[in-house]
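Just so you know, these numbers use all the heavy atoms, side chains as well, and skip hydrogens, waters and symmetry mates. All of these numbers come straight from a predicted model, not from anything done at the bench. Protein chains get the first letters and strands the later ones, always in sequence-line order, with residue 1 at the start of each.
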Amino acid sequence: MTARPTAYITTPIYYVNDRPHIGHAYTTTLCDVWARAMRFAGRDVFFLTGTDEHGVKVEKSARERGIDPQALADENAAEFERVLEVFGLTNDDFIRTTQSRHVRQVQAFVKRLLEMDAVYLGEFEGWYDEGQEEYVTENRARETDYTSPISGRPLVKATEKNYYFRLSAFQERLEAFFEANPGFVRPEARRNEVLGRLRDGLQDVPITRTNFSWGIPFPDDEQHVIYVWIDALLNYATALGMAEDDGDAGGRHRYWPADLHVIGKEILWFHAVIWPAVLMALDLPLPTCVYAHSFWISEGQKMSKSLGNFIDLPTIERYMDTYGLDAWRWYMVVQGPLGATDADFQAAGFHETYTTDLVNTVGNCASRTTAMIGKYFDGVVPADAGTVFEGWDLPGAAATAFERWTAAMATFALDDACEAAIGLLRTVDAFINATEPFKVAKDESRRDELASILARCAEAVRIASMLLSPILPAKMAELRAALSIDLDVANGGLAEQAAWSDRLAGSTVTKVALFPRIEAPQDA
RNA sequence: GGCGAUGUAGCUCAGCUGGUUAGAGCGAAGGAUUCAUAAACCUUAGGUCGGCGGUUCGAGUCCGCCCAUCGCCA
């Protein structure tokens, strides 16, 4: 028995000091679509998400509420886990940076970095704002005349010993790596940003702090706490047990390295440069791709606390109540900021996308096809009588859609994959309009022709439903039920399922209305 | 302030190495039709391709400057 090819996809770990909002839901949804698609395509998938729980902000928030930081982390991590459930997301693990499996492995990794001389104890001198408990850069300090921009009090010259990661030592290897792997950072615009900054030269980065204690202690020097990036980035490795000293007892090493780290653009630098450098230092294989999407804005404006226009969890749940979970997924994937520019979340746009794509195209095409089979063939799919329709090749269209879908999924062009699938249904619609089965049905002598039309429509709809299943899992399950297909789309078989066949002939079909028409929202 | 990107029909965007009447989807208007969720179908919409200048026989498509928006960095 040969091992199936693996696929390892990750979201960033979400900071527990935040409340879940559309940004988190979006990233995780994208990963979920891809994970489902890869499972269906037969790959051995590991889909990871989790929470980042250390750091000064969590420590501070907890202190303000008079509770233990761990208690705060537990509370908010539970909220993030609830999101996964509400959205029906299919992650294989949920890692938390306060879990002992993570803590001990981070320490092991850091020890290794020390041994390799990739981490060293260095001294930092800078302008310190005592009120804010933070350093300001020389430039910023000069701008404010060496006083605190907040309190106005003079800044003090302070020195601090910290452990540094020798990032500068990896300049050439990183440049060579980027050269050899043009697809490492995507989309292209983001790659260019990284390359530009790389050209400016790399500086070593501190990886420990001493001004707070809520974090993983530095091995053998516990007054230092490992700073966010090393702690957080390593989750991708610790979740697979890459630094456990039990070998591969968890059986997850086969997933390493990640095929895809999906992130938001704000953390690109860490993933695109620091992360591969750390892995080079650890002598671990590098991930295939870091995909940095952009942000959602809301009704034309940046989301902010002061504007109160955050698309938060309750807002999202309202949309899901009205339009359904699958409709939410569709909007995220089709209208979202997969590219280099931000996308605008609009109530009117949501409604329009729902109506145009799901009601008028997917739902309607399934409806008219199943309705005609019900009306003209008593609900039993006829066998294709082989009639030739000049200029129409549905099997060919299905094969093309499948190829395009496959290529799109391979490059995380999820919107394009959706387009490929729905395009096949548009072809079915056009085929019906051109061949006019509803007229053919009036002539008993054209029975074969009618059977050929509807058999082909049903088969194309079936194949489209396969391609749509990772994006619209619940609705496509409904459609499969209406076509009397019993199928597990989560465990391989895509290529076989997406191939043109006559398997529907003789099966019973019921008319479906997958996406109910919904009245446009009043406001806006 | 440095580097980079973008600016094309009401909206969202295509337009590769410059070449006849600048495209698609959605929206809007009109028409025709009924298998279907008042859906699908047909036709239409006349946008100085951000502005100015330049290169060229010829420029959304190249160059310069300017304006606007955005991103990364400082």
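A gap of 26 Å separates the P atoms of B:rC11 and B:rC72, to the nearest Å. Comparing the C1' positions of B:rA29 and B:rG46 gives a spacing of 15 Å, expressed to the nearest Å. With C1' as the reference atom, B:rC49 and B:rG60 are 5 Å apart, rounded to whole Å. Rounded to whole Å, the separation between the P atoms of B:rG50 and B:rG10 comes to 13 Å. The separation of B:rG19 from B:rG7, taken at their C1' atoms, amounts to 25 Å, rounded to a whole angstrom. Comparing B:rC16 with B:rG31, their P atoms sit 39 Å apart, to the nearest whole Å. Taking atom P in both B:rU6 and B:rC62, one finds a spacing of 10 Å when rounded to whole Å. Comparing the same atom, C1', in B:rU44 and in B:rA32 gives a spacing of 14 Å after rounding to whole Å.
In terms of position on RNA chain B, the residue among A:Q346 and A:L514 whose nearest nucleotide sits closer to the 5' end is A:Q346. Two residues, A:D200 and A:N192, neighbour RNA chain B, and the one matched to the more 5' nucleotide by heavy-atom proximity is A:N192.
Atom CZ of A:R426 is separated from atom P of B:rC26 by 7 Å (rounded to the nearest Å). The distance between atom CG of A:L195 and atom P of B:rC73, rounded to the nearest whole Å, is 15 Å. For the pair A:D416 CG and B:rG25 C1', the computed distance is 14 Å after rounding to whole Å. If you measure from atom CZ of A:R368 to atom P of B:rA38, you get 12 Å, rounded to the nearest angstrom. As a whole-Å value, the separation of A:M372 CE from B:rU37 P is 11 Å. Atom CZ of A:F515 is separated from atom C1' of B:rU37 by 12 Å (rounded to the nearest Å). With rounding to whole Å, A:D415 atom CG is found 11 Å from B:rA14 atom P. Distance CG (A:N360) to C1' (B:rG27): 13 Å, rounded to an integer number of Å.
Between the A:T27 side chain and the A:I263 main chain, no donor and acceptor come within less than 3.5 Å of each other. Between the side chain of A:S469 and the main chain of A:M466, a donor-acceptor pair closer than 3.5 Å is present.
Outside the 6.0 Å centre-distance limit, the rings of A:F177 and A:W275 are not counted as a close aromatic pair. You'll find the ring centres of A:Y354 and A:Y331 outside the 6.0 Å limit. A:F165 and A:Y227 have their aromatic ring centers separated by at least 6.0 angstrom.
Ring planes of A:H24 and A:H21: tilted class, angle from 30 to 60°. Ring pair A:H261/A:Y236 is tilted by interplanar angle, where 30° to 60° counts as tilted. Ring geometry for A:F350 against A:Y319 counts as tilted: the plane angle lies between 30° and 60°, on a 0 to 90° scale.
Summarising the base pairing, B:rG25 is matched to B:rC11 through a Watson-Crick or G-U wobble pair whose two defining distances lie under 3.5 Å. The pairing partner recorded for B:rC62 is B:rG54, the criterion being a Watson-Crick or G-U wobble arrangement whose two distances lie under 3.5 angstrom. Remark: B:rC35 base-pairs with no nucleotide in the shown strands. Criterion, Watson-Crick or G-U wobble with two distances under 3.5 Å. As the counterpart of B:rG47, no nucleotide is assigned, since no Watson-Crick or G-U wobble pattern has both distances under 3.5 Å. Base pairing of B:rU69 is made with B:rA5, judged by Watson-Crick or G-U wobble geometry with both donor-acceptor distances under 3.5 Å.
A side-chain N or O of A:D312 and one of A:T315 form a donor-acceptor pair less than 3.5 Å apart.
The residue A:G363 sits close to a base: some heavy atom pair falls under 4.0 Å. At the heavy-atom level, A:A371 lies under 4.0 Å from the strands shown only through sugar-phosphate atoms. Contacts of A:L268 with the nucleic acid, taken as non-hydrogen atoms under 4.0 Å apart, are absent.
To the nearest 0.5 angstrom, A:K265 atom NZ is 8.0 Å from A:T341 atom OG1.
Out of B:rU34, B:rU37, B:rA40, the shortest distance to the side chain of A:N433 is found at B:rA40. For A:N364, counting side-chain heavy atoms from C-beta on, the closest listed nucleotide (B:rU37, B:rC26, B:rC35) is B:rU37. Listed candidates were B:rC35, B:rC26, B:rU37. Nearest to the side chain of A:T356 is B:rC26. When the nucleotides B:rA40, B:rA38, B:rC35 are ranked by their closest atom to the side chain of A:D429, B:rA40 comes out on top. Picking from B:rC35, B:rU37, B:rC26 the nucleotide with the shortest atom distance to the side chain of A:Y376 gives B:rC35.
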Between N or O atoms, less than 3.5 Å apart, protein on one side and nucleotides 69-72 of chain B on the other: list the pairs.
{"residue": "B:rG71", "atom": "O2'", "partner": "A:R190", "partner atom": "NH2", "Å": "3.1"}
{"residue": "B:rG71", "atom": "O2'", "partner": "A:E193", "partner atom": "OE2", "Å": "2.6"}

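Annotated as syn: B:rG60, whose glycosidic dihedral is within 90° of 0.
For B:rU37, the OP1/OP2 oxygens have a side-chain nitrogen or oxygen of A:K511 closer than 4.0 Å.
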